[in-house]
Amino acid sequence: MTPLRLAPLASILAVILLATTAGLRAEDAGEIPHFAQKDGRHAFIVDGEPFFLLGGQCGNSSAWPSELPGVWSAVERMHANTLEAPVYWEQFEPQEGRYDTSIVDLMVRQAREHHVRLVLLWFGTWKNGSAHYLPLWIKDHPELYPKCIGKTGLPVDTPSPHFPAMLAADTRAFRALMRHLKAIDPIHTVIMVQVENESGAWGTIRDYSPAAQAVFAQPVPSELLKALGLDSKSGGDWTAVFGADADEYFHAWFVARFVGQVAAAGKEEYALPMYANAALRDPLSPGPAGTYESGGPTDNVLSIWKAAAPALDVLAPDIYQNDNARYRRVLELYSRPDNPLLVPETGGSPWYAHMVFAALGKGALGWSPFGINHATDPDADRGAKPDADRLSPVGTNFRIIGPVMREVARLEYEGKLLALAEDADVHRQTGELAGWKVAVTYGVARFGFGKDPKGNPEPVGGAIVGSTGPDEFLVTGRSCRVDFQPLESEPKAQREFLRVEEGDYENGVFTPLRIWNGDETDYGLNFGTAPVALRVRVRRY
Ligand code: DGJ
């Protein structure tokens with residue numbers, strides 16, 4: 001690949017080429033994707049409307065022309081609407097100041113051909129805490145771009161956030177990326193950018209180099225104290241103010257400042273939504289600092305990150321905890337009025353698939369399994385179809401949610417959505433929506449009242465119910481039964497299905513295909529693995 005210099009002519013040619021490939025004209029350019037907020041709820045606005053990102057992230061070494069056919073095959077099989085794919089600094093800037101945009105251009109073009117959006121992941125200074133994606137011309141100069149020094153005095157395999165040369169180099173490259181995206185992507189195929197990847201440190205809580213020690217002895221910045229509601233004039237150093245947490249909070253502040261400055265510079269070029277992802281600590285029993293990645297946006301330092309990096313729209317959890325309690329706790333911890341919930345990475349094994357319903361239930365704006373093109377058969381990574389497709393459970397759910405994605409995202413933003421995921425130990429779940437009790441049961445026979453639900457053999461089920469008008473609901477789900485009941489406060493009232501229609505939702509308009517009645521409604525509304533969207537009208541009698 002020949003590195004291209006980012007010159008206006010090259011950019012203009014790239015725009016013409018990419019736009020022509022996609023059959024698009026410059027005037028098709030729409031509103032830039034962004035986050036919106038109302039009443040403590042959030043929306044991810046894409047093409048002017050709330051959007052739910054049904055995503056898939058490819059493997060780390062898969063954003064290469066040789067691997068992309070296998071990636072697109074996975075995207076198709078899982079019915080994703082968005083591919084998350086890395087941009088490698090070492091590939092993007094192979095020589096200082098010379099940028100190779102060929103792979104970015106290819107991914108944008110191919111995403112358009114596949115009718116999906118892109119989230120690009122900037123593998124810059126940090127990748128899982130390491131500095132492995134730095135270009136060789138940086139790796140060759142450790143004196144300018146140093147690693148952290150651990151407590152023992154030995155270097156640790158993680159970049160230090162305290163050296164301006166690294167910040168300047170990363171910022172310049174990221175600016176170039178964003179400038180290029182702005183030039184080639186007027187129709188916003190790229191809808192969001194991740195800044196760095198799981199930044200922070202493994203193997204040390206912070207940098208103990210002489211340079212970092214000097215900063216550590218200085219007073220805590222007053223803006224941080226103010227943001228945390230502490231005495232901003234205290235003048236105390238990190239140990240005086242934060243005691244046992246000082247090392248970790250210090251690292252979090254400086255890593256976040258660094259990442260926030262990279263994001264802010266990128267936004268000056270092109271203000272797409274940006275987020276930083278976190279390698280989590282255990283949400284129920286975290287253990288001491290040093291037992292998890294230190295300095296990244298873990299749940300205990302979210303407020304530090306918010307204060308240090310206001311250019312980041314979201315601090316997002318990578319959830320690899322495959323048990324109910326932990327998964328749901330993480331969703332709670334990262335869903336805050338000041339932080340939209342986004343799950344940019346989660347496990348790709350079948351268990352995780354139903355957690356997309358749990359994420360929606362907590363107001364998430366997107367959900368994306370990792371390593372979608374990985375398969376046990378190495379040839380499957382290159383586009384061959386694996387025997388047992390481990391993406392199929394996610395694909396089933398994305399096929400169910402995909403057709404109603406816009407309605408679901410809008411109702412979620414308006415606070416009119418209930419979404420529930422099966423829990424292996426709980427076979428009947430209830431929630432309240434628009435004056436009705438919604439009951440969801442798992443593992444009931446199609447015929448019969450299903451008083452004693454057994455649960456599905458594996459917890460795969462999930463349900464989505466949205467309030468679309470007085471006593472009217474959009475209902476869909478996977479391997480479950482949904483029913484409506486009057487509230488506890490109305491013991492004498494009973495539910496009647498006035499009309500249940502199966503059909504298609506598009507732009508808020510419902511087109512019915514058939515009416516459900518008889519066996520299809522007498523015991524409740526049963527969902528299997530097929531995509532079924534219902535408009536349900538109920539009343540009390
Ligand atoms: C989390 C990282 O963010 C990904 O890039 C990848 O390394 C996965 N872990 C692997 O499980």
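Quantities reported herein were computed from a predicted structural model and do not represent experimental measurements. Counting starts at 1 for both ligands and their atoms, following the listed order.
Distance alone, capped at 3.5 Å, places no donor-acceptor pair between the D207 side chain and the A212 backbone.
Considering N277, T125, N60 as possible partners of N197, the one that fulfils the side-chain hydrogen bond (donor to acceptor under 3.5 Å, both in side chains) test is N277. Of the candidates H354, Q429, E422, Y442 forms a side-chain hydrogen bond (donor to acceptor under 3.5 Å, both in side chains) with just one, namely Q429.
Of all atoms in ligand 1, numbered sequentially from 1 with element shown, those under 4.0 Å from a heavy atom of N197 are 2 (C), 3 (O), 5 (O). Shown in contact with E198 at under 4.0 Å from a heavy atom are these atoms of ligand 1, numbered in order with element: 1 (C), 2 (C), 3 (O). Each of the following atoms of ligand 1 lies closer than 4.0 Å to a heavy atom of N60: 4 (C), 5 (O), 6 (C), 7 (O). Taking a cut-off of under 4.0 Å to the non-hydrogen atoms of D318, the atoms of ligand 1 that pass are 3 (O).
Residue E345 has at least one nitrogen or oxygen atom sitting less than 3.5 Å from a nitrogen or oxygen atom of ligand 1, judged on distance alone.
In this structure, R206 satisfies the cation-pi test against F216, with its NZ or CZ atom closer than 6.0 Å to the six-membered ring centre and inside 45 degrees of the ring normal.
From the protein, the heavy atom lying nearest to atom 10 (C) of ligand 1 is F370 CE2, 3.7 Å. Looking from atom 7 (O) of ligand 1 to the surrounding protein, the closest heavy atom is N128 ND2, 3.0 Å.
By the 30° and 60° cut-offs, the orientation of the rings of F370 relative to Y320 is perpendicular.
With contacts defined as side-chain heavy-atom distances shorter than 4.5 Å, the pair Q95/P135 does not qualify.
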